[in-house]
Amino acid sequence: MLAMLAVAGAGCNRAASPVAEVSVEPTAVEASPAEQVLRQMIAAYQAAKTYRDQAVVRLKYRQQGQWFEDDGKLSVSFARPNKLQLRAYQLTLVSDGSHLCAVIADPDSNDLDGQIVIRRAPERFELDTIYQDQIMLDVMSGGMGGPPVTLELLLSDAPLRELLATSRSVTLDEPETVRGRACDRVAVQLDDGALVFWVDRQSRVLHRLQYPAERLTREMAAGGCADVSLTAEFLQVGIDEALPDADFAFAAPETAKQVSRFVLPPQPLASPMLGQLPADFHFAGLYNEQVTRDSLLGHVAALLWFNDHPASETAVRELERIRQAMATDEAVLFRAVCTEPSTMSHAQVQALVRQWGVDIPVVRDLEAFGRDIFQIPYAPTLVVMDARGVVQIVEVGANPNLATELPSRLRLLAAGEDLATAQLTQFHQQQLLYQQKLSEAARLVPQDARLGRPRMR
């Protein structure tokens, strides 16, 4: 969410030499008290032989009088020169000093199609070791607080260099206590507010990082959110403690696809029904009429599954605007398909759509044909069938561009175009390209770095 902060940018820094503002060496220019605290913090991390923490990035905000919190987990265990365990949002990276292994947890892509990065461990860990894999970097940058700042402090040759180079000022606030530890507070003023480091007055380790919240507050205000804050709490911090080998152990699944770098799989099809003729189905109308598969033949049928939810309300209203704009086009039929159970009466469904201010014809899917035949995961979902009854379009969730995209696609279908075939052809081409890249990445895994004999799916 705040991946564009200078902290994230500084994490990507590959410069080999430090600058005066952040160098841990004495300089000719006398440092301010705030700069001295930052230098002492940097020196503590750069000199550490081992380091560990359990961190939580916490977004806190108030909405409609209630407080909400969203947490992201981060943890770092590091033993110089090349043992590391990093857990950053969806990414897990482990190096035991011999092998480096990394996986990304992503249910939507089956954990990146079961890929696991296997490489020889570097002789010495640097930021490039991690950030040279663009997908790893994207995962960390996409987290609420961006990449862990502790990686920057431990591994960079010039920690916080870009951060301080783009800052407006660096000041020392009044000291405060965090979990019983007295901390100096260094405020680095950026364009979007202050980034505040809470630094232990004795050990000089980082206990808390407060992110600027001005831009985030503006972005979240549209959703009625206020009092927005984003902090990283560094818990169970330890420097120069003995770390067990178990901290750097990694068990690779036998079915994993071992690769030298992550390869992004293509986006899956919205539905396996695309390009298929669905089995027989029927819906109940609100006025005792019945809509069947055969009754829709000869028309392009735009069916929007919805329920009593704000997202469905938005989608139904959008489809109604499209229906009204295409009112003279008799080749296209529009139906809103209600998924609410029979405990909601026809009259209640009618009252609901009247409350939404729409006149689109409504039918009810009381036998869950959407789930069982069209394999719709949730509402709202739009399904468009051509005049033959073949599924041509499936869109799961609300599409903010529906009003501009759908009418032209409906007219193409009414003219006899086959949109599904083109989409399926493109998907198969993407799959072939992905398999080629995956095979190349698998070939580049060094033989002495391979783990076991994984079965390639």
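If you read the sequence from its start, that first residue is 1, and numbering goes on from there. Bear in mind the structure is a predicted one, so any value in this text is a computation, not a measurement.
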Q: Give the C-alpha distance, both sets of side-chain angles, the deciding distance and a yes or no for side chain to side chain contact (heavy atoms under 4.5 Å, CB included) between Glu395 and Ile393.
A: CA-CA 7 Å; Glu395 288 193 357; Ile393 297 172; 4.1 Å; yes
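- With no hydrogens or angles considered, no side-chain donor-acceptor pair links Asp128 and Gln132 at under 3.5 Å.
- Between Arg218 and Glu214 no salt bridge is recorded (no basic side-chain N to carboxylate O distance below 4.0 Å).
- Between Phe369 and Trp305, the distance separating the two ring centers is not shorter than 6.0 angstrom.
- There is a side-chain donor-acceptor pair under 3.5 Å between Asp113 and Tyr434.
- Arg335 is not listed as a side-chain neighbour of Val362, based on a closest heavy-atom distance of 4.5 Å or more.
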Q | Trace of the side chain to side chain contact (heavy atoms under 4.5 Å, CB included) decision for Leu209 with Thr231 | A | CA-CA 6 Å; Leu209 185 64; Thr231 60; over 6 Å; no
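- With 3.5 Å as the limit, one finds a donor-acceptor pair spanning the side chains of Trp198 and Gln210.
- Taking a cutoff of 4.0 Å between a charged side-chain nitrogen and a carboxylate oxygen, Asp359 and Arg354 do not qualify as a salt bridge.
- If you check the side chains of Gln134 and Asp138, you find a donor sitting under 3.5 Å from an acceptor.
- Ring centers of Phe78 and Tyr51: at least 6.0 Å apart, outside the cut-off.
- Counting only distance, with no hydrogens or angles, the side chain of Glu340 and the backbone of Val349 share no donor-acceptor pair below 3.5 Å.
- With Thr339 contributing its side chain and Phe306 its backbone, the two residues share a donor-acceptor pair below 3.5 Å.
- Side-chain polar atoms of Glu367 and His282 form a donor-acceptor pair below 3.5 angstrom.
- Using a 4.0 Å cut-off between a side-chain N of Lys or Arg and a carboxylate O of Asp or Glu, Glu417 and Arg409 do not qualify as a salt bridge.
- Donor-acceptor pairing under 3.5 Å is lacking for the side chains of Tyr131 and Glu126.
- If you run side-chain contact (heavy atoms from CB on, under 4.5 Å) between Val117 and each of Ile104, Val103, Val259, only Val259 comes through.
- Taking a 6.0 Å sphere around CD of Glu69, one finds it holds more than 12 heavy atoms contributed by other residues, nucleotides or ligands.
- For the residue pair Asn401 and Thr404, no side-chain donor N or O sits within less than 3.5 Å of a side-chain acceptor on the partner.
- Proximity of Gln431 to Pro266: side-chain heavy atoms (C-beta onward) are separated by under 4.5 Å at one or more points.
- A donor-acceptor distance shorter than 3.5 angstrom exists from the side chain of His309 to the backbone of Ala311, with no hydrogens or angles considered.
- Glu440 and Gln436 share no side-chain donor-acceptor pair at under 3.5 Å.
- In this structure, CE in Met144 is found 6.5 Å from CG in Leu230, a value given to the nearest 0.5 Å.
- The backbone N or O of Gly223 sits less than 3.5 Å from a side-chain atom of Gln63, completing a donor-acceptor pair.
- Not one N or O on the side chain of Arg201 forms a donor-acceptor pair closer than 3.5 Å with the backbone of Asp184.
- Glu289 places a side-chain N or O within 3.5 Å of a backbone atom of Tyr287 that can act as its donor or acceptor partner.
- For the 3.5 Å distance criterion, the side chains of Gln392 and Asp386 qualify, holding a donor opposite an acceptor.
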